Amino acid sequence: LIAQGAQPAFASSGDHGKHGDHGNHGNPGRPHYSAGAASVGDPYFPDAGNGGYDVKHYDIAFTYDPATRIMDATTTITAVATQGLNRFDLDFRGPEISSLTVDGHRSAFERSGQELVVTPRHDLAKGRHFTVVVKYKGTPPVVTDPDDSIEGWVPTDDGVFVPGEPQGSPAWFPGNDHPTDKATFTFHATVPEGVTAVGNGRLESQKTKKGWTTFVWDSREPMATYLSTVTIGNFTVTKSKTPSGLPIYTAVDPRLVTQSAAAVAQIPDIVEYFSSIFGPYPFNTAGAIIDRAPDVGYALESQTKPIFSSAPGVGTMAHELAHQWFGDSVSLSRWSDIWLNEGFATYSQWMYTEHTGGATVDQTFNSTSNYGRAATSSFWQTVTTDPGPVDMFGNVPYNRGAMTLHALRGKIGDDAFFKLVKKWAASNRYGNTSTAEFIRTAEKVSGMDLTNFFDVWLFQKGKPTTW
Ligand code: ARG
Ligand code: ZN
């Protein structure tokens, strides 16, 4: 799925016709084939994503043994060419490739950095559906982020913890690693009997044969690559349903069951509460993966199965579940708009705290970690809509982002604010959007000119004083 209105920054070479054969050096009336772009042009991650095609589905099948840390994998990508292609890139940082085919033909490929450059045996006409099969074997890497945190394929003492935001998924499968190209996913993970592999979506089957268990997970709603996970280890699995019938699958490291019990018990209530203010939960299943991955130290809103690297509190659980609407269903077009994900998730967490009898959102807004910070604090010197790759998961997108939403609620009133939030979730469901689109929607729903409001909260440095 390629986002509308999220075109790459580079100029794409047009298609000059429908018939004929190979490259024609600009003759009109004949098709034109060229290389797909090596990136989508996102300034925060200049190599991320690729141009020239739109992935529809990933089928990722592998065997993984935590004892040897060897993965033996076959990833099948189904895509559509969005231009005539004689070459295209995938993002991949994984182990050695033994074979690569395009529509069944062995194809030449080269690797440099995270780019896997594929030259298909036959050119691909614009609009053509094609299938890429990549076989690889070895140990997928840990990826280090601009903020020095780690992601990708992170071994634990009993398996592997797999977070992918913002650039971890190419560690373990080749793909188009940018949120603007969402796709459906199927995972077939084969692990030693007794070990559990937990992926996004629904568990379609779990079969054991000769000491190995294959878990098939199916993610039928479109998903950004960074939200994919297959996290592996010893887990205590619990299956339940929310009062309205949504299936919940939780996998908890047995050593963390007691400490995380309170947060896990709240999942149905959190989902029901957020559904009442944001509109229907966007996916056909919910849950959580709670693991011990001390070197990771953060949680992530992996689609339908947020992952936690230690026992979460109720606030963190609420934060990751709110992301299912904001971030997962409603996604970014550019990473610089990360406040749309983190501000919404943080504000949702504040609202859940108030809902359950804790601090009111007004109190949290005014606290010393938020608006109560001195005007001289360096906190106010980061622009909310451009934190940079190092601080994209720092305080500003989270807290100034949430403050922006609370201030907006005060400015336009509760009725308009909750109408806006519902409309935002509904009209961008499974899509990609932007700050500019948020401002347009807020002005439309409220009927107000919010130029100055958004200017001081989102585009200027400094502590806002009037808005
Ligand atoms: N989006 C995650 C959360 O707030 C945080 C991811 C942090 N990732 C990182 N590489 N620092 O729920
Ligand atoms: Zn978050």
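Since the structure is predicted, the reported quantities are computational estimates derived from the model, not experimental observations. First listed ligand is number 1; within each ligand, the first listed atom is number 1. Along the sequence shown, residues are numbered consecutively beginning with 1.
Counting heavy atoms under 4.0 Å from ligand 1, residue N341 does not touch it at all. Proximity of A345 to ligand 1, defined as any heavy-atom pair under 4.0 Å, is not found for any part of the residue. Looking at E320 against ligand 1, only its side chain comes within 4.0 Å, counting heavy atoms.
Heavy-atom proximity to E301, at under 4.0 Å, picks out these atoms of ligand 1: 1 (N), 2 (C), 3 (C), 12 (O). Within the listing of ligand 1, atoms 9 (C), 10 (N) sit less than 4.0 angstrom from a heavy atom of D145. Close approach of ligand 1 to A299 is summarised as follows: ligand atoms under 4.0 Å from at least one heavy atom of the residue are 2 (C), 3 (C), 5 (C), 12 (O). For ligand 1, the atoms closer than 4.0 angstrom to any heavy atom of S149 are 9 (C), 10 (N), 11 (N). Short contacts between ligand 1 and E342, defined as distances under 4.0 Å to a heavy atom of the residue, involve ligand atoms 1 (N), 2 (C), 3 (C), 4 (O). For ligand 1, the atoms sitting less than 4.0 Å from at least one non-hydrogen atom of Y398 are 2 (C), 3 (C), 4 (O), 5 (C), numbered in the order shown with element in parentheses.
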Exercise. Step by step, would you call N370 with F365 a side-chain contact (heavy atoms from CB on, under 4.5 Å)?
Worked result: CA-CA 6 Å; N370 294 310; F365 177 91; 5.6 Å; no
For this session: Start with the C-alpha distance between T186 and W217, add both sets of side-chain angles, then the distance that settles side-chain contact (heavy atoms from CB on, under 4.5 Å), and finish with yes or no.
Result: CA-CA 6 Å; T186 308; W217 291 94; over 6 Å; no
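Taking 2.8 Å as the criterion, E342 counts as a coordinating residue of the Zn ion (ligand 2), since one of its N, O or S atoms falls below it.
Rounding to the nearest 0.5 angstrom, the gap separating the CD atom in Q303 from the CZ atom in F283 is 3.5 Å.
Within H323, the N, O or S atom lying nearest to the Zn ion (ligand 2) carries the name NE2.
The nearest heavy-atom contact from the protein to atom 1 (N) of ligand 1 is E165 OE1, 2.6 Å.
Of the N and O atoms on the side chains of S333 and N432, not one donor lies less than 3.5 Å from an acceptor on the other residue. Q266 and Y352 form a side-chain donor-acceptor contact under 3.5 Å, judged by distance and modelled atom types alone. If you check the side chains of W424 and T433, you find no donor sitting under 3.5 Å from an acceptor. A donor atom on one side chain and an acceptor atom on the other are found under 3.5 Å apart for D91 and N50. Under the 3.5 Å distance criterion, with hydrogens and angles disregarded, no donor-acceptor pair is assigned to the side chains of S329 and R429.
Applying side-chain contact (heavy atoms from CB on, under 4.5 Å) to P163 and the options Y298, W153, F308 leaves one that passes, Y298.
Where the criterion is an N or O separation shorter than 3.5 Å, residue side chain and backbone included, D147 meets it with respect to ligand 1.
Between the side chain of K182 and the main chain of D328, a donor-acceptor pair closer than 3.5 Å is present.
Residue contacts with ligand 1: H323 is included, with a non-hydrogen atom under 4.0 Å away. Not a single heavy atom of E151 lies less than 4.0 angstrom from ligand 1.
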